[in-house]
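Structure record follows, encoded as structure tokens.
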Amino acid sequence: MSSTGQATGGVDSLLQEHRQFAPPVEAAARAHIKSMAEYERLYRLSLEDPARFWGERAGELHWFKKWTRVLEWNAPDAKWFVGGKTNLSYNCLDRQVQAGLGDQTALIWEGEPVAPGASYEIRRLTYRDLLRETCRFANVLKSLGVKKGDVVTLYMPMVPELAIAMLACARIGAPHSIIFGGFSASAIRDRVEDAGSRIIVTADGGWRRGKVVPLKHTVDEALNLTDKVRTVVVFQRTGQDTPMKSGRDHWWHELMATARDTCPCEEMDSEDLLFILYTSGSTGKPKGIMHTTGGYMVYTYLTSKYVFDLHGYGENGQATGPVDLHWCTADIGWVTGHSYVIYGVLPNRVPTLLYEGAPNFPDQDRFWDMIQRHRVTIFYTAPTAIRAFMRWGDQWPARHDLSSLRILGTVGEPINPEAWIWYRKHIGKDHCPIVDTWWQTETGGHMITPLPGATPCSPGSCTRPFFGIDAAIVSKEGQEMPPNAGGFLVMRKPWPGMLRGIVGDRQRFVQTYWSQIPGCYFTGDGARRDPNGNFWVMGRVDDVINVAGHRLGTAEVESALVSHPRVAEAAVVGIPHDLKGTAIAAFVTLKAGQQPSEALKEELAKHVVKEIGAIARPEQIRFTESLPKTRSGKIMRRLLRELATSGSVKGDTTTLEDFSVLAKLRESDEG
Ligand code: WTA
């Protein structure tokens, strides 16, 4: 592979841009949006008359009380569907049961085989099953004293009980804060403290590549670091020995055994908090992004419907054609899982597939085998995964019947054209449109993306803004850039799925998103727009790096390193990586008297894993006697990046405080 994560910039992408793939005729025939002309017409309407556009779409969902105004906008504060009362759990479940779909499948779960050669564990939950379990767990939460507005932390494997717990929280108006199961005890501590959460729902463990990930054990470690949490509920997944602290810890199955099967929905105000999700920023600790009920619900519902062109059962419970099976491979612990495993999909009356384990266990055709067996129609994954599939070889997908697939999607990072072309050919067999969806934790749902029946695609471009999205490329001063010129990607108008704030930090919210470019939401990404109006995202322009589609702040990794007793100072940069897109390189200066060594490198890498989680493990650690800084004291990251990537430094270094520092940079094994 010649380039990774570099969908843009340079001659390559300019050539790619002219290589357009029109939507296949079959894709357009039954699509909700059938042509570019239809897209253009609706797009114009959505910007000119957002009240009408969003009001009509919101009407496709259930409201206990209709809103009085679609939008109230006092930048940077938006209120959508003002005065409306609804419940997302109701729109995912009750509504479907009432339409007569009680016995239809809502969720299919497949577990990882717990032993080599063991058969796969599969569970199918109908809308009625999922509603009953959700009600029971909602009653459990209530019996534990959880009330509307109380934050419930979920730290779970990919099992149906995670979906049940989310939907139960939404049902009673208790915002959830889901922490990805790969995060460490310290990360859990930081998040429960920041959110003021007093209850954690977890599991004894989850299966990953044949091993148990000991989630409850990590929760126990976290709770040694904080005394804020009063209650822990433990779902039994693996059956491994799990110490329980009496008075604090409760088994899920014991509480559920006596819980009632029905639980009324809380009538939530449109602007009531639905969930918090922590994500990395360019400074300090991760920030708790807040999403509210009405706008997020409508936005994820509509983006799911149009971007994945979902076809489910109708209002009357009847399907007018084949019903889709949607598979988004993201863990529910990330925003992609929130929006496109659960919240956007279920209200479309389309079943969703949930998978517990890794794509290469027991073999490298795990995903293709599942697509064949379950007849998946829509498959959504990350470029990092696609690069891994490419590396594993064409023979794995070739062994399976993938003819059920009709739409493919990608998310999380720029996709390099080679991976795009491979995906189209080997998975989509040249007949599935690919939707390269650009969006963020903060945006709630897709922002710039093709529509599969309408948009011609160029590999590496996320193409055009979704309805209602006024995306632009601007200079620092807010001036729109001419075609093909790089600049900052911003949004000039509010949209229903936008974040409403950062937990407990109004100033950071205003500063990060609304102060960088006058009058706009600042995404933190750099991009350009080609003369056809297609967007090409280049990646972050701030100190956030995207490792295998996961967001990390360089500052976060640096502070993890500096918290090690032998480290004086650290600087972290992202470097290109064939599989991960970007990997972490760390430059470390040690405290006086400390000697660099291979063993210390390993110890520091482990320390970062302990502080944050395995996703933050540095790929490279280099020891240096001091860090190159500008005269004003800023670390020269560009220079470090260059050094970490190529091993040498070119260009202007005249602002270096200490030239000699470059000569002293060295790998410990060399020195
Ligand atoms: C990057 C994930 C290029 C981008 C949904 C963004 C992408 C960050 C794409 C958000 C894409 C996401 N093409 N870059 N299709 N999708 N990104 O919050 O840098 O985990 O700002 O949300 O991922 O990451 P987050």
Side-chain angles (χ1 to χ4, degrees), residues 4-9 13 178 180 182-183 276-282 286-289 291 296 299-300 303-304 307 328-341 343-344 380-386 408-417 419-420 423 434-450 455 457-466 469 471 488-491 497-499 502 512-513 516 521-528 534-553 556 574 580-582 615:
T4 48
Q6 266 140 38
T8 57
S13 65
I178 306 185
F180 169 61
F183 279 117
I276 300 170
L277 182 57
Y278 284 84
T279 190
S280 296
S282 51
K287 45 199 180 191
I289 302 299
H291 282 288
Y296 174 85
Y299 199 68
T300 53
T303 47
S304 299
V307 175
C328 162
T329 68
D331 192 287
I332 288 179
W334 306 108
V335 75
T336 305
H338 282 60
S339 298
Y340 300 114
V341 177
Y343 285 139
Y380 188 40
T381 197
T384 288
I386 298 168
L408 304 176
T410 74
V411 59
E413 45 179 326
I415 183 165
N416 46 310
W420 197 100
Y423 196 31
I434 297 179
V435 290
D436 173 354
T437 61
W438 180 92
W439 60 295
Q440 309 178 294
T441 304
E442 292 87 343
T443 69
H446 304 143
M447 297 291 280
I448 308 182
T449 172
T455 318
C457 291
S458 305
S461 168
C462 53
T463 73
R464 306 288 286 267
F466 189 72
I469 302 304
F488 300 108
L489 176 60
V490 298
M491 304 298 149
M498 66 198 279
L499 79 164
I502 295 176
T512 310
Y513 303 109
Q516 315 273 344
Y521 167 82
F522 177 62
T523 62
D525 277 16
R528 71 180 172 87
N534 288 324
F535 284 82
W536 298 75
V537 172
M538 302 179 211
R540 304 292 305 196
V541 293
D542 52 8
D543 290 326
V544 170
I545 46 182
N546 192 325
V547 181
H550 301 319
R551 248 167 94 165
L552 282 167
E556 231 178 303
K580 299 177 184 172
T582 308
I615 54 169

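Any value given below was found using the heavy atoms of this structure, including those in side chains, with hydrogens, waters and symmetry copies removed. As the structure lists them, so they are numbered: ligands from 1, and atoms in each ligand from 1.
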(request) For Ser282 and Val544, work out which heavy atoms get closest and say how close. (result) N-CG2, 3.7 Å

(request) For ligand 1, would you mind listing the residues that have at least one heavy atom less than 4.0 Å away, ordered by chain and number? (result) Val335, Thr336, Val411, Gly412, Glu413, Pro414, Asp436, Thr437, Trp438, Trp439, Gln440, Thr441, Asp525, Val537, Arg540, Asn546, Arg551

(request) Examine Tyr521 together with Tyr513 and report whether their ring centres are nearer than 6.0 Å. (result) yes

(request) Taking all heavy atoms of Gly444 and all of Trp439, pick out the closest pair and write down the distance. (result) O-CZ3, 3.4 Å

(request) For Asn534, check side chain to side chain donor-acceptor pair (under 3.5 Å) against everything at least two apart and list the hits. (result) none

(request) Taking the six-membered ring for Trp and the single ring otherwise, decide whether the centroids of His291 and Tyr296 are under 6.0 Å apart. (result) yes

(message) Can you confirm if the aromatic rings of Tyr278 and Trp334 lie within a centre distance of less than 6.0 Å?
(response) no

